[in-house]
J.: 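Provided herewith is a single structure, encoded as structure tokens, for subsequent inquiry.
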Number of protein chains: 2
Amino acid sequence: MAHSGGPVLVGAGGRGATDVVGGEARTADRILEAALLSFASRGYGGTSFDALADALGIRKQSILYWYPSKEALLQAVVDQAAADLSDALESSLSRAGDGWARVEAVVRSVFRLGSARPELLGLVREAVRLGPPAATRLIGALGPLVDRAAAFLQVEMSSGHMRQHEPRLLLLAIYSTVVGMITEVDVLRALGEEPDARSLVRRRQEILRLLRSALVLEPAS
Amino acid sequence: MAHSGGPVLVGAGGRGATDVVGGEARTADRILEAALLSFASRGYGGTSFDALADALGIRKQSILYWYPSKEALLQAVVDQAAADLSDALESSLSRAGDGWARVEAVVRSVFRLGSARPELLGLVREAVRLGPPAATRLIGALGPLVDRAAAFLQVEMSSGHMRQHEPRLLLLAIYSTVVGMITEVDVLRALGEEPDARSLVRRRQEILRLLRSALVLEPAS
DNA sequence: CCGGCCACCTACCACATGGTAGACAGTGCG
DNA sequence: CGCACTGTCTACCATGTGGTAGGTGGCCGG
């Protein structure tokens, strides 16, 4: 990811400029971050260069200097988000443990990710809605991770620790449930209620309990 | 809902003109249908009057004749969708039966709805993303239904047929899972694969199995 | 036959959008 | 100093947007 500075080349759609020089983030990265937030919350179509630039205190032409087009910016945002997601999930997936404990660890890390950086999950949603090429890139980048997770689940199911299900379907169900819980905050907010942190934690506990009862095959009593 | 024809008044934002005159749908309804499809797939911001009008073979000013503004059109679409959703879920919720059978009936009806009219679920997603007032209207309209479903689940759990969970949370989890399965089609499509109907049916069966194992408390053997 | 109304149209507008061209300050280097 | 280069800016443009003003054909009741 080392990038000597300077504008992003058109070719592969610019993943560059992730470096930080001093205490202050480079402009290209600040743009990336702001774009991620805006794409995730207001959508791709709802995001304008002017609004982005305003939020950053710069002019839109400076954005176009770093990213030659809106599509290139989206591509860069998606690639960055895919890398961040991969990193976050990778580490929790690589941790020791087996059976439910490990599943729970991954789910917890998704919860944490959804709290700390909800825009990442929002971008996934937006990318899927946009379809190719954004969706293809993102899902493609996450593919290997999904494969590993599916393989793990397969082993657990075969060894009798979990109920038999199609692994990738199971993964999607888990993902949907967890993301649904995070989106729930949006629903509540849409209704005007501002959910407090304590109740959210309680709800997560309950979701874990729910998932557990769905997945874990208790040893015959 | 009877509407004598003529443009929608500004006031409450135009829910009118649901009537059908002959074999041909009224223009106002055709607009509503096309707008629903577009809002759900391309989003509110990604939908333009020109594109809508083109798809309908009319001019955009005709749309503005029936719906005085884009926001009014969205409102009308949301209200109509809320009514359709309510109707579809209402009937399955009112059917006889208890315990898992009744839950399964509702889930199946959501599946069916998601197949027949995926745009309805897409609009829910979009409305939540847009926030008030669209989200408030839609969720508000669906509120009573959710209450009834929650009450039913509460009874089932109290009587020992189901595992104890917070009813509304449980509903959201079920909804997320089911919708996630439907959105899965989008994911596959984003990857270029066109899922065949047979495998989708199989997947639904498995989702039902998964939900069942999560919810139903088997009588002690 | 005719006036009025309904539904749709053409013509137009102000504005925001993504994108281009080029000027200008700052910096490092020979 | 002179020069090239980098990053940001001002100025501008073509296009597409939601929305307005007003015209027109068809159909109706009188």
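Basis for what follows: all heavy atoms, side chains included, without hydrogens, waters or symmetry-related copies.
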J.: Contact between B/F152 and B/L93 at the side-chain level, heavy atoms closer than 4.5 Å - yes or no?
T.: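 No; the side chains remain at least 4.5 Å from each other.
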J.: Please report, rounded to the nearest Å, how far the P atom of D/dC9 is from the CD1 atom of A/I31.
T.: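 Distance, rounded to whole Å: 10 Å.
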J.: Atom CZ of A/R42 and atom C1' of C/dT17: how far apart are they, to the nearest Å?
T.: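 From A/R42 CZ to C/dT17 C1': 15 Å.
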J.: What's the closest nucleotide to the B/Q61 side chain, out of C/dG19, D/dG18, D/dT20?
T.: D/dT20
J.: From B/E90 CD over to B/R148 CZ, what is the distance, rounded to the nearest 0.5 angstrom?
T.: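 Output value for this atom pair is 4.5 Å.
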J.: Atom NZ of A/K70 to atom P of C/dA16: distance rounded to whole Å?
T.: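 One finds 16 Å between P of C/dA16 and NZ of A/K70, rounded.
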J.: Would you kindly give the CG-to-P distance between B/D50 and C/dT17, to the nearest whole Å?
T.: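 B/D50 atom CG is separated from C/dT17 atom P by 17 Å.
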J.: Does OP1 or OP2 of D/dG7 have a side-chain N or O of A/Y65 closer than 4.0 Å?
T.: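 So the side-chain polar atoms of A/Y65 do come within 4.0 Å of the phosphate oxygens OP1 or OP2 of D/dG7, strictly under.
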J.: Rounded to the Å, how far apart are B/L64 CG and D/dG19 P?
T.: 6 Å
J.: Distance only, no hydrogens: is a donor on one side chain within 3.5 Å (strictly under) of an acceptor on the other, for A/Q75 and A/D79?
T.: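 A/D79 and A/Q75 do not have a side-chain donor-acceptor pair below 3.5 Å.
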J.: Do the side-chain N or O atoms of A/T27 get closer than 4.0 angstrom to the phosphate oxygens (OP1, OP2) of D/dG7?
T.: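 No, outside the criterion.
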J.: Can you see if the side chain of A/S62 gets near the phosphate of D/dC9 - specifically, an N or O under 4.0 Å from OP1 or OP2?
T.: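 So the side chain of A/S62 is within the cut-off, an N or O lying under 4.0 Å from OP1 or OP2 of D/dC9.
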J.: Name the residue closer to the 5' end of DNA chain C, choosing between A/E71 and B/G57 according to the nucleotide with the nearest heavy atom.
T.: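 Counting from the 5' end, the first nearest nucleotide belongs to B/G57.
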J.: It should be established whether A/S48 places a side-chain nitrogen or oxygen under 4.0 Å from OP1 or OP2 of nucleotide C/dA16.
T.: no
J.: Kindly say if B/R59 contacts the phosphate of C/dA7, meaning a side-chain N or O under 4.0 Å from OP1 or OP2.
T.: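 So the side chain of B/R59 is outside the cut-off, no N or O lying under 4.0 Å from OP1 or OP2 of C/dA7.
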J.: Let me see the working for B/S176 and A/S176 under side chain to side chain donor-acceptor pair (under 3.5 Å), right down to the final yes or no.
T.: CA-CA 6 Å; B/S176 296; A/S176 298; over 6 Å; no
J.: Are any of the side-chain heavy atoms of B/V78 and B/F39 separated by less than 4.5 Å?
T.: no
J.: Take the protein atom CD1 of B/I58 and the nucleotide atom P of D/dG25, then report the distance between them rounded to whole Å.
T.: 20 Å
J.: At less than 3.5 Å, do the side-chain atoms of B/K60 and the base atoms of D/dG19 form a donor-acceptor pair?
T.: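 Per atom types, the contact qualifies.
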J.: For A/Y67 and C/dG18, give me the distance from atom OH to atom P, rounded to whole Å.
T.: 16 Å
J.: For A/L56 and D/dC9, what is the distance between atoms CG and P respectively, to the nearest whole Å?
T.: 10 Å
